[in-house]
Amino acid sequence: MDKSFLSLQGKTKIGMKRTKIADILQHSKVNEEILVMGWVRTKRISKNVCFITLNDGSCLANLQIVIDITPEIDELLSHVHSGAALKIFGVTVESPGQGQAVELHAKEITLLGEANPEEYPLQPKKHSLEFLREIAHLRFRTNTFGAIFRIRHAMTYAIHKFFNDKGFYNIHTPIITASDCEGAGEMFRVTTLDLYNLPKTEDGKIDFTQDFFGRETNLTVSGQLEAELAALALSQVYTFGPTFRAENSNTARHLAEFWMIEPEMAFYDINDDMDLAEEMLKYLVKYALDNCREDLEFLHKRREEEQKQKPQNERDEMGLIQRLEFVINNNFERITYTQAIEILMNSKPNKNKQFVYSVDKWGTDLQSEHERYLVEKHFKKPVIITDYPKEIKAFYMKLNDDGKTVRAMDVLFPQIGEIIGGSQREENYDKLIGRMKEVGIHEKDMWWYLETRKFGSVPHSGFGLGFERLMLFITGMSNIRDVIPFPRTPKNAEF
RNA sequence: UCCUCCUUAGCUCAGUUGGUUAGAGCACCUGACUGUUAAUCAGGGGGUCCUAGGUUCAAGUCCUAGAGGGGGAGCCA
């Protein structure tokens, strides 16, 4: 017999199914026979009774297990520590203690997996997020990361539901690509060539014709161009997949590998595009509030504690939940780049030279501090800025009649800055060729993209939403490494 | 990549002007306790003071270089 198996009264029914803790806490009445499995958070033991809080990830809350101590059970319990996995058969009883309505009176306990307390790093106390990042394989077992990754799942589902309900089709765009069309940043090379013995051409360059694809290939930086191809037949499509940037960005808002949602819609102009972006963001925030209440309230309290550590002037004006509700209940402010520059030039911090980069002329890109001023100080709500100078935007964006600006739109959120970047696309073949020449993109590399402008070209628009940026906003976390299970950043690909 | 701060027990941190054997709380182990909620109380074990070099009679503490991490910036989503 399994040594770790110990029966108090031996009543497990053969074939009995496990009940999730979320279901027990929500639906169970007293005096029900139940089988649970999960991981020990804490154990408190005295002479005659032992309390174990058990968590199985189905919800934030733990189930309290109550065990009457006998000599045999005492021996088993000496092997039970934080992190151990248990299977428990018992009967639900009304809890005489504080903190929970029902608890499980154990009849039979099986130790599924021990956790050596000398080595197990998680304790029933606050750990720093930096420390937990170093044990990303175990941080799922904390309240904070349990909540975050349950919400992350809910947001993934809500995104697919939102688009599905609107008649969009999900398109899987390639992860390995030969084009660097967007110029969105440094790319990761994909190759099967022997790096210690590279084949060379006669003029001494690397001979990529011998590589796996017979040409240079990279990991994608965006699925947008491929999504456009699909949109010009299926009308409304979206991608939701991983994207990669080899930029040496060391910030709390950048990852080398992140997930992006890129809807692309035929017959949409820039205003339709903005309407969709705003509708989607509000839908997702509302979905989180409606479906992730317990986890959000935990993160709300967590953030409140965090804010107390900060000096008064750096604290948030709103709590996490208030901020989410505020986004749902207020329309986003829509202004042009030109209006934004005017507001900034006349702003107090600009006149008092409080900006690191002062705003003195039309045409320069907005810095983080300027975006934050507009969103957090001037309008105090999400802002959409449109019609940027063409020089600071990508080649595929539709040129306005003024010849100077393009129909781009950026959605700016408090705390995190740019959460969405999008545009109406240039559907005119000649204008698109002209812009490509200006920025130095070769026609022959983009022949397939250009053909859509030759065969039944229509006005169309789209945008990109950084999934982890959305997660930052929803969870109130401040570092992007804490809203993706296994972050990829410069010098870090552990796990 | 730039600026800036940090690195002391498993974790969170203290460590005075450079001066004897480097401390606390939590965790762990032992004991006490009939209901705990990060239980409580008493006792115990636990250290490459990030690494390398230097200054000094003496370095956790000062200097130089490197590694790792945080915050901010750039680039962007």
Side-chain angles (χ1 to χ4, degrees), chain A residues 41-54 61-69 78 81-83 93-100 103 105 115-135 142-143 182-186 221-224 242-262 277 310 314 355-357 365-369 371-372 392-394 410-413 416-422 463-473 478-484 489-492 494:
Chain A
R41 284 292 173 81
T42 59
K43 178 182 80 169
R44 294 175 296 280
I45 191 161
S46 59
K47 198 173 178 183
N48 298 317
V49 65
C50 174
F51 301 96
I52 287 174
T53 50
L54 201 72
N62 304 313
L63 179 66
Q64 171 152 268
I65 312 292
V66 185
I67 304 157
D68 296 327
I69 294 179
S78 70
H81 298 91
S82 292
V93 294
E94 199 175 324
S95 179
Q98 301 287 308
Q100 61 277 317
E103 59 190 29
H105 196 198
N116 183 346
E118 298 289 344
E119 293 174 39
Y120 188 67
L122 292 173
Q123 297 167 32
K125 69 168 215 173
K126 260 211 169 89
H127 289 288
S128 70
L129 294 170
E130 293 81 12
F131 170 66
L132 292 172
R133 262 171 233 152
E134 292 168 12
I135 50 165
T142 64
N143 286 333
E182 202 177 357
E186 291 296 310
V221 295
S222 163
Q224 181 202 312
T243 46
F244 308 87
R245 307 274 165 93
E247 294 289 346
N248 189 13
S249 296
N250 294 288
T251 82
R253 294 181 305 282
H254 289 86
L255 291 164
E257 177 181 295
F258 63 101
W259 289 69
M260 195 149 63
I261 297 102
E262 296 180 289
K310 291 185 177 179
E314 286 175 30
F355 285 141
V356 177
Y357 300 88
D365 209 350
L366 301 179
Q367 305 294 319
S368 302
E369 57 181 346
E371 295 179 349
R372 293 193 68 154
I392 58 174
K393 288 291 175 184
D410 284 357
V411 182
L412 309 180
F413 262 35
I416 49 177
E418 186 180 345
I419 192 168
I420 279 180
F463 61 81
L465 165 70
F467 186 49
E468 284 76 19
R469 297 250 174 113
L470 173 78
M471 283 297 299
L472 282 178
F473 184 74
S478 44
N479 194 312
I480 203 162
R481 296 172 180 91
D482 296 327
V483 296
I484 186 168
T489 52
K491 301 265 160 38
N492 187 357
E494 192 72 43

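Below, chains carry the letters A, B, ... as their sequence lines are ordered, and counting in each starts from 1.
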Under 3.5 Å between N/O atoms: give me all the protein pairs with nucleotides 11-13 of chain B, atom names plus distance.
residue	atom	partner	partner atom	Å
B:C11	O2'	A:H127	ND1	3.2
B:C11	O2	A:K125	NZ	2.5
B:U12	OP1	A:S128	OG	3.0

Measure from the side-chain N and O atoms of A:E103 to the backbone N and O of A:V93, and report whether any donor-acceptor pair falls under 3.5 Å. no
What I want to check is whether an N or O donor and acceptor connect the side chain of A:Q98 with the base of B:U36 at under 3.5 Å. no
Could you tell me the Watson-Crick or G-U partner of B:G68, where both distances fall under 3.5 Å? Say none if there is no partner. B:C6
When rounded to the nearest Å, what value does the distance between C1' atoms of B:C76 and B:A9 take? 42 Å
Could you tell me the separation between the CG atom of A:L122 and the P atom of B:C28, rounded to a whole number of Å? 12 Å
Could you measure between the two P atoms, the one in B:G74 and the one in B:C3, and give it in whole Å? 16 Å
Can you find a side-chain donor-acceptor pair between A:S222 and A:T243 that sits under 3.5 Å? no
Span that lies between the P atom of B:U8 and that of B:U48, in whole angstrom: 12 Å
So if I take every side-chain heavy atom of A:Q100 and compare against B:C75, B:U36, B:G71, which nucleotide ends up nearest? B:U36
Taking the same atom, C1', in B:C33 and in B:A42, what whole-Å distance lies between them? 12 Å
Need to verify one output field. Residue with the more 5' nearest nucleotide on RNA chain B, A:N248 or A:P117? A:N248
Between B:G10 and B:A22, how far apart are the two P atoms, rounded to whole Å? 16 Å
Opposite nucleotide pairing with B:A39, Watson-Crick or G-U, both atom distances under 3.5 Å: none
Choosing from B:G35, B:G74, B:U34, which nucleotide comes nearest the side chain of A:N48? B:U34
Can a donor-acceptor pair under 3.5 Å be found between the side-chain atoms of A:S249 and the base atoms of B:C76? no
